[in-house]
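The structure appears right after this line, and notes come after that.
In what follows, every heavy atom counts, from backbone to side chain, and hydrogens, waters and symmetry copies are set aside. Every chain is numbered from 1 and lettered A, B, ... according to where its sequence line falls, protein lines coming before strand lines.
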Number of protein chains: 2
Amino acid sequence: MKRIQVKKGQILQRKGDLHTKAYEVKSGLLRSYAIDEKGKEHIFLFAPEGWIMADSNDYDQPAALFIDALEDTILIEKEKLAVKVHEMSKLIKRLNVLQQRVIMLMSASAIERYEHFIETYPDIVQRVPQRMIASYLGITPEALSTVKRQQVLKK
Amino acid sequence: MKRIQVKKGQILQRKGDLHTKAYEVKSGLLRSYAIDEKGKEHIFLFAPEGWIMADSNDYDQPAALFIDALEDTILIEKEKLAVKVHEMSKLIKRLNVLQQRVIMLMSASAIERYEHFIETYPDIVQRVPQRMIASYLGITPEALSTVKRQQVLKK
DNA sequence: GTCATTTATTAATCTACATTAAGGCATAAG
DNA sequence: CTTATGCCTTAATGTAGATTAATAAATGAC
């Protein structure tokens with residue numbers, strides 16, 4: 001359990017890594033993402049200040065996701081065992097967020113997803129490139145542009 | 001921790017329930033699902049023999065999902081605390097399955113999803129109605145019919 | 001058994017989003 | 001300064017899957 005500083009762009013975990021850690025974000029921003037068979041990135045979660053970012057895997061299992069820093073970030077690196085015992089509820093919340101994402105991807109239109117996103121992460125919209133928000137929403141950057149234009153016109 | 005028999009169609013957990021349990025399936029089939037704002041069902045997971053079905057929520061939090069039996073089922077009902085301590089890795093596997101579903105929904109076409117489904121659950125295809133498989137895949141029953149027709153023609 | 005209800009299939013049409021391509025703004029590098 | 005590189009936006013075109021509707025098959029109630 002140690003305090004670490006990482007630079008924007010630094011990769012903390014790669015798919016396949018063993019003995020992965022959990023990261024509690026003190027300041028900055030992390031993301032976790034997967035790369036599909038076609039080589040496309042899909043963002044799973046953003047973790048701003050106060051969040052814990054941890055791969056879901058067990059000790060023996062290789063990591064399923066990549067984790068990197070979208071901003072210079074200060075974090076506490078923890079052994080997962082410690083997380084398991086003491087921070088269970090935070091990890092469980094993470095599972096809930098994932099469930100909400102499945103519902104969203106199955107039922108909501110691009111506009112609805114975007115509106116939900118800015119409710120959930122009002123500050124992050126300004127902090128990450130549009131194409132990453134598109135990736136999180138499961139749409140193309142072009143479609144996101146259109147959504148935002150309609151969004152503005154509505155007001 | 002007790003052995004229970006439930007009939008097909010019986011609901012084990014409703015959204016909003018408190019003090020929810022975890023269920024280890026001995027025989028039969030459970031499913032968990034959500035109902036979106038438009039009233040549509042979206043299936044999250046099927047749990048056949050050997051699986052543990054548990055809502056992701058913490059003790060204080062109300063349940064996010066419904067759980068019901070798709071077949072007459074025999075199961076072991078457990079306190080979640082017991083699950084947390086002794087069956088962590090099974091719950092973690094569940095999180096991994098959910099992650100795979102997010103990737104699938106973001107990147108795979110209807111045909112790819114269906115092919116992946118029959119690989120993952122070769123036996124369940126015959127055990128549940130088509131419309132539930134469609135719900136799990138995030139497509140309409142009509143689209144699933146078309147996919148299956150193309151699937152047959154390919155061979 | 002009959003009748004009612006739910007489910008699955010097929011086809012015709014529609015639409016949300018993807019794809020492609022082009023142009024405008026940045027930031028960084030020489 | 002100029003040029004290159006990456007990102008965002010806009011518009012035109014294409015397409016996978018949704019929607020609608022009609023028919024058939026299966027399931028369940030009585």
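- Here CD1 of B/Ile52 is found 11.5 Å from CG of B/Leu75. Values are rounded to the nearest 0.5 Å.
- Looking only at side-chain heavy atoms (C-beta outward), B/Glu115 and B/Arg113 stay at 4.5 Å or farther from each other.
- Rounded to 10°, the helix from C/dG1-D/dC30 to C/dA22-D/dT9 has 50° between the axis fitted to its first five pairs and the one fitted to its last five.
- More than 12 heavy atoms of other shown residues, nucleotides or ligands fall within 6.0 angstrom of atom NE2 in B/His42.
- Ring pair A/Phe117/A/Tyr121 is tilted by interplanar angle, where 30° to 60° counts as tilted.
- In this structure, B/Tyr23 OH and B/Ile4 CD1 are separated by 7.0 Å, a value rounded to the nearest 0.5 Å.
- With respect to the salt-bridge test (charged N to carboxylate O, under 4.0 angstrom), the residues A/Asp72 and A/Lys8 do not qualify.
- Between A/Glu112 atom CD and C/dC17 atom P the separation is 9 Å, expressed in whole Å.
- Out of D/dT19, D/dG17, C/dC17, the shortest distance to the side chain of B/Thr140 is found at D/dT19.
- With rounding to whole Å, B/Gln126 atom CD is found 16 Å from D/dA26 atom P.
- When the side chains of ILVMFWY residues are joined at heavy-atom separations under 4.5 Å, either directly or via intervening members, B/Val125 and B/Ile111 end up in a single hydrophobic cluster.
- Atom CD1 of A/Ile111 is separated from atom C1' of C/dT15 by 13 Å (rounded to the nearest Å).
- Separating the CD1 atom of B/Ile139 from the P atom of C/dC17 is a distance of 17 Å, rounded to the nearest angstrom.
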Atom pairs under 3.5 Å: protein N/O with N/O of nucleotides 8-11 of chain C:
residue : atom : partner  : partner atom : Å
C/dA8   : OP1  : B/Gln130 : N            : 2.6
C/dA8   : OP2  : B/Arg131 : N            : 3.1
C/dT9   : OP1  : B/Lys148 : NZ           : 3.4
C/dT9   : OP2  : B/Ser145 : OG           : 2.9
C/dT9   : O5'  : B/Ser145 : OG           : 3.4
C/dT10  : OP2  : B/Arg149 : NH1          : 3.0

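- Of the N and O atoms on the side chains of A/Lys148 and A/Gln130, at least one donor lies less than 3.5 Å from an acceptor on the other residue.
- Rounded to whole Å, atom P of D/dA16 lies 13 Å from atom CZ of B/Arg113.
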